[in-house]
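Quick note: numbers below take in every heavy atom, side chains included, and nothing from hydrogens, waters or symmetry partners. Chain naming here is simple, since letters A, B, ... match the order of the sequence lines and numbering starts at 1 in each.
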Amino acid sequence: MEHSKTPFNVRMRRFYRVSLEGSINRLLVYLLFGILLVVAIYPLIWVFVNSFKTDIQLFDQSWALPKVWRYQNYQAAWNYGIARYILNSVIVTTISVVLVLGISMLAAYGLARFRFKGDTFLLFFILGGLMLAPEVSLIPLFRILSGLGLYNTYWAMILPNVAYGIPFTTFLIRSYMLGLPRDFEEAATIDGASIMGIFRHVVIPLCRPILASAALLEAMRVWNEFMFGLTFITSEKLKTIPVGLMAFSGALREQYTVIMAGIIISAVPMIVLFLATQRQFIRGLAAGGLRG
Amino acid sequence: MKSKLLVLVSLVLLASLVLTACGAPAAGTESGGSKDEKVTIRFFHKWPEPEQLDYYNYVIAEYEKAHPNVKIEMEAASDEAYKDKIRVLMASGDVPDIYFSWAGEFSWKFARAGQALDLTDAMMNSDWKDKIVMAAVEPFKLNGKIYGVPMRINAKFMAYNKEIFAKYNLSVPTTWDEFLAVCETLKANGEVPIAFGNEFPWASAHYVGDFNAKLVDPETLKGDYLLTADANTLFTDPGYVEALRRFKMLGDLGYFNSGANGISHSNARSSFIAGKAAMFYLELEEFATLAQDRGDDWFGYFQLPGGTGGKGDPKLITGAPDGFMVYGKTKHPAEAIDFLKFVTSPEMGYEYVKRLGIPSAAVGAVTEDNSLPSVRGGLAQINAASGMALWMDTDMNIKIVEVYLPGMQALLTGSKTPEEVMKEVHDIAVTVQSELK
Amino acid sequence: MKTYRWKRWITPYLLIIPAVVIMLVFVYIPVVENIYYSLFCWSSIDPTLKYIGLDNYARILNDKIIPIALRNNVLYALISVAFQVFFALILAAILESRVIRPRWGSIFRSAFFLPSVLAVTVVGITWQLIYSPNSGLINQFLRAIGLGNLAHAWLGEESTAIFAVIGVSQWQWVGYCMILFIVAIQAIPEELYEAARIDGASAMQQFFNITIPMIRETILVLTTITVIGGFKVFDIVWVMTAGGPNNASNTLGGYLYRVGFRNDEMGYASALATLLFVITFALTFIQLRIGRTGKES
């Protein structure tokens, strides 16, 4: 899918006459969207505001602004280990994304640019992973990972994440490659460039936009991955944000406002990344984000 | 040329996969090489709360100071998560050298599977036995062998707000009927009689477990909990139904706060502390939390009265010690035992009581200068009790617990009757019993 | 020249091998192993496999929690389709129409999308606090507007727990699906709408006669993905209620995890996983069949 045949704002400029009926409709629509806007973001604002209170204030008047802004809550949350969770999430996400992109890029190139015996089978073999729910493999994976001595290591999260990330990413990159003209590659072949030379100097640069989008989608998925982290990690030192935050709230069960501070700290990296890269995000989704 | 690079990359990827596959198990635990190599003892418990971690970090620092060749690696997971994690760790083979366990069936199952080290010799043939309250060791014994060392002593009490009780001229109830009367007076005056948070249903298990112990003959109870009774009679004693009925009555008559199933235990405790409820059923270890801001003068406590007509032992107190076990296949049994001795020593126990207000199981750890009067009083009641009814949720097979406890939640919401719950418990008990044979 | 041909022959395989190996080890072998394990009785504490044939499957038929879990999965799927497909489509269509000014449009888009970038635990714990019976936002709001009698222990009552959890999922994902629809609508050639307008078609007629047929593919795919997602759901349920109270909010995925890693019945959990596998596989198969009647994606 292309991003847009007609730019959004161009279409928006083509306004028609507005009738009375139209303006009432418009008012209703704005009202509806206004309510939805509140529903969508007020919960986070509520948590943010209350994260600066004491527990007593939270119970008494959770609507009001805090009388005194207690930054200590953030300090307490940070010191308890949220910092460590963030670091772990960064490590796991980075390694997973690099591996997924590297492996998928190679596979997509092979599948998009070569005809060979078994190519259809291998295509289905890889894309077939899209159909399988990770839950199904949970128990055997647990045995495999313990057998390999990888239980309770970063790899216990990274490897399953990579395996379940490859099908979609390969699909995404392959579709994009199929849409690319072959002219450059053919020219390079005539110039005597090797296959890997073409791959490195022609194909990868051409695929840069889709790689960026794929990386973003994959990062979002791995960052939020919960089940593998929950099942394959015990050590506090290795927990990522989704799993760590649960342990965090379990340990601080009485200190609601500190938990709220922890929630905000955990949410900030993704919100910032999203706001900073909205365009790529949406392009990534456009390119094939049809995945739940 | 470049395709060689590709071959290389693929091979390296493959090789690294295979290498991690085969090489890793050996890398898991280092075998003792040179003499000055550090021994690492992994230590896993269920207290991730910051103040608890501070205490254990202190203990570890003290120990490592005295034993520079030993390094203690601590991990902690909170209650519910711990129950899952310890089993998973056993399965992964990545078992910590020392791990937390409740007493009773929860610990025996590790002992039976060879996952717990027999500590009988280490304890009985040293001065260790003189430094631990031996009564608290009892529930860790299986077939006469000691598999666990108690860290703390704990029991359940009903705490009450003295001010509210005084306001309505209430006195501490000594029978079940008196207890109901107290609740009724409170309710009639618009107070919430009992704060109750049953988000995790162990909270209701503490009530029902206590009722069971008081209503069912101890021998019958033991046969049912441990599945040694005849299959047809498992959990069929009418006392079980009566116990559930009592629990349900407290809910039906409006003596609990509303929405108990959606409130956590600690949330309920907060509302009791805030004076929004007159009573709260809690563990001795929580006295310190009650006393945190206002000292321990504002609340009193009593044992949930047994009532009439029960075949059980009315003088039993519900509670259990909990503590630590050593992994059966640990590479460093001597070091693990030595550290465990240190953790449970009277000196560290003293510090434990002082910092956390929780009664330690070490002899003489609770003294007048490090503990609250209420904690000492509670301990005295435990000592005076005829025995302890262990936590029912850690004293029976987990599959039965998984039916019994949700059943209690269903009782509260009215979707099941006591008879229906006990029928289901009976059925699952029969199944589990036949599986074990 | 010969080496070139050899290289040309071997290269694609070398390119694909890393992906194939990883998927084999961590996706396909586990799925097959899972079926094997489901024929045994074994636990994590004592991992010796005891062959019991199809007993685990027979047990599924008699397990009273399975119907509850499946009902919840179905509810999850249906409600998700209503919100994440139909409601999200309506939102997308309105945002792409002329009713909303572009500047507001982009604010709405970003705001609605925002919840989907949050980690499931962040969302789950936030809403636990919001649903909390006493201090939570919802009950406080109800009491403030005089509807205190509607206040519930949302996550603690058997009748409301699963809906409370499903509601949170809608909150998180409607905006995401809306963006997917917006993207699809933007790909529709503007000329179609212009032609329709010249013919005097109303906005409604344009929506039903142009928008829906043109993004039929997206609607279909999103519907099946949402339905499958409803059967796979695990994380939000586990974070918010762990399946309680009295299993009222359990789903197949949550029950599987609980059976395996809490009750320590790995064999039975494997059988449940196989059931999940069969369901998702069947749904995917149906999706592919429906997809084929459209065009190739």
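- Using a 30° and 60° split on the angle between ring planes, A:Y30 and C:W104 fall in the perpendicular class, above 60°.
- Within 6.0 Å of atom CZ in C:F83, 12 or fewer heavy atoms from other residues, nucleotides or ligands are found, so the atom counts as exposed in its surroundings.
- With a 4.5 Å cut-off on non-hydrogen atoms, A:I264 does not touch chain C at all.
- Counting only heavy atoms from C-beta outward, the side chains of A:R26 and C:R101 approach each other to under 4.5 Å.
- Contact count against chain A (heavy-atom pairs under 4.5 Å) is highest for C:L129 among C:L129, C:I29, C:T280, C:V239.
- Looking at residues two or more places apart in sequence or on another chain, you find a ring pair (Phe, Tyr, Trp, His ring centres under 6.0 Å) between C:F113 and A:F274, A:F281, C:Y176.
- For a residue to count as touching a neighbouring chain, one of its non-hydrogen atoms must lie under 4.5 Å from one of that chain's; by this rule C:Y28 touches chain A with the side chain only.
- For a residue to count as touching a neighbouring chain, one of its non-hydrogen atoms must lie under 4.5 Å from one of that chain's; by this rule C:T226 does not touch chain A.
- Residues A:L273 and C:V117 are not in side-chain contact: their nearest non-hydrogen atoms beyond the backbone lie 4.5 Å or more apart.
- Of the two parts of A:R115, neither the backbone nor the side chain holds a non-hydrogen atom closer than 4.5 Å to a non-hydrogen atom of chain C.
- For chain A, the option among C:R103, C:Q140, C:Q84, C:E33 with the highest count of heavy-atom pairs below 4.5 Å is C:Q140.
- Per-residue heavy-atom pair counts under 4.5 Å with chain A were compared for C:Y13, C:W127, C:F277, and the maximum is reached by C:Y13.
- Both the backbone and the side chain of C:L118 come within contact range of chain A, with heavy atoms under 4.5 Å apart.
- Here the closest non-hydrogen pair linking A:I139 and C:A269 is CD1-CB, 3.2 Å.
- Looking at A:F199, neither its backbone nor its side chain comes within 4.5 Å of chain C, counting heavy atoms on both sides.
- Side-chain atoms of C:I22 and A:V162, non-hydrogen and from C-beta on, do get closer than 4.5 Å to each other.
- Across A:P160, A:P43, A:G34, A:A133, the residue that shares the most heavy-atom pairs under 4.5 angstrom with chain C is A:P43.
- Heavy atoms closer than 4.5 Å to chain A are found in the side chain of C:F87, but not in its backbone.
- Between the side chain of A:Y109 and the main chain of C:P12, no donor-acceptor pair closer than 3.5 Å is present.
- Contacts between C:F231 and chain A at a heavy-atom distance below 4.5 Å are absent for every atom of the residue.
- Side-chain contact between C:V27 and A:F125 is absent, with no heavy-atom pair separated by less than 4.5 Å.
- Interatomic distance, C:F108 CZ to A:L32 CG, rounded to the nearest 0.5 Å: 9.0 Å.
- The most heavy-atom pairs under 4.5 Å with chain A, out of C:V123, C:I107, C:I94, come from C:I94.
- Chain A forms more heavy-atom pairs under 4.5 Å with one residue of C:L137, C:D235, C:L252 than with any other, namely C:L137.
- For C:F261, the part lying under 4.5 angstrom from a heavy atom of chain A is the side chain only.
- A 4.5 Å side-chain heavy-atom check between C:V31 and A:V136 finds at least one atom pair inside the cut-off.
- Put simply, CG on C:N34 and CD on A:E135 are 11.5 Å apart, with the number rounded to the nearest 0.5 Å.
- What you find for A:A40 and C:P115 is that their closest heavy atoms are O-CG, 3.9 Å.
- For C:I125, the parts lying under 4.5 angstrom from a heavy atom of chain A are both the backbone and the side chain.
- Two residues are said to be in side-chain contact when any heavy atoms from C-beta on lie closer than 4.5 Å; C:M23 and A:I166 meet this criterion.
- Heavy atoms closer than 4.5 Å to chain A are found in the side chain of C:Y37, but not in its backbone.
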From CA spacing to verdict: side chain to side chain contact (heavy atoms under 4.5 Å, CB included), C:L15, A:F114: CA-CA 10 Å; C:L15 288 166; A:F114 295 86; 3.7 Å; yes

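- Heavy atoms of C:L91 lying under 4.5 Å from chain A belong to its backbone as well as its side chain.
- Put simply, the side chain of A:I41 reaches to within 4.5 Å of the side chain of C:L114, judged on heavy atoms.
- Atom CD1 of C:I16 sits about 5.0 Å away from atom CG of A:L122, to the nearest 0.5 Å.
- Distance check: C:Y257 OH to A:M227 CE gives 9.5 Å after rounding to the nearest 0.5 Å.
- Taking both residues in full, the closest heavy atoms of A:S266 and C:V122 are given as CB-CG2, 3.9 Å, listed atom of the first, atom of the second, then distance.
- When the candidates A:A267, A:A163, A:G110 are compared by the number of heavy-atom contacts under 4.5 Å with chain C, A:A163 comes out ahead.
- Put simply, of C:I130, C:L272, C:L275, the one with the most heavy-atom pairs under 4.5 Å next to chain A is C:I130.
- The shortest non-hydrogen separation linking C:I100 to A:V29 is CD1-CG1, 3.6 Å.
- Taking OG of C:S116 as the reference point, atom CE of A:M220 lies at 4.5 Å (rounded to 0.5 Å).
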Worked verdict on C:F285 versus A:M131 for side chain to side chain contact (heavy atoms under 4.5 Å, CB included): CA-CA 9 Å; C:F285 188 73; A:M131 301 201 294; over 6 Å; no

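- Looking at C:F26 and A:S137, their side chains never come closer than 4.5 Å, going by heavy atoms from C-beta outward.
- Neither the backbone nor the side chain of C:W9 comes within less than 4.5 Å of any heavy atom of chain A.
- Both the backbone and the side chain of C:F141 come within less than 4.5 Å of a heavy atom in chain A.
- For the set A:I241, A:I271, A:L230, the entry with the most heavy-atom pairs within less than 4.5 Å of chain C is A:L230.
- For a residue to count as touching a neighbouring chain, one of its non-hydrogen atoms must lie under 4.5 Å from one of that chain's; by this rule A:F33 touches chain C with backbone and side chain alike.
- C:W171 places a side-chain N or O within donor-acceptor distance of the main-chain N or O of A:V39, the cut-off being under 3.5 Å.
- Each of A:V47, A:I126, A:L145 has some count of heavy-atom pairs under 4.5 Å with chain C, and the biggest count is that of A:I126.
- In this structure, no portion of A:M105 lies under 4.5 Å from any heavy atom of chain C.
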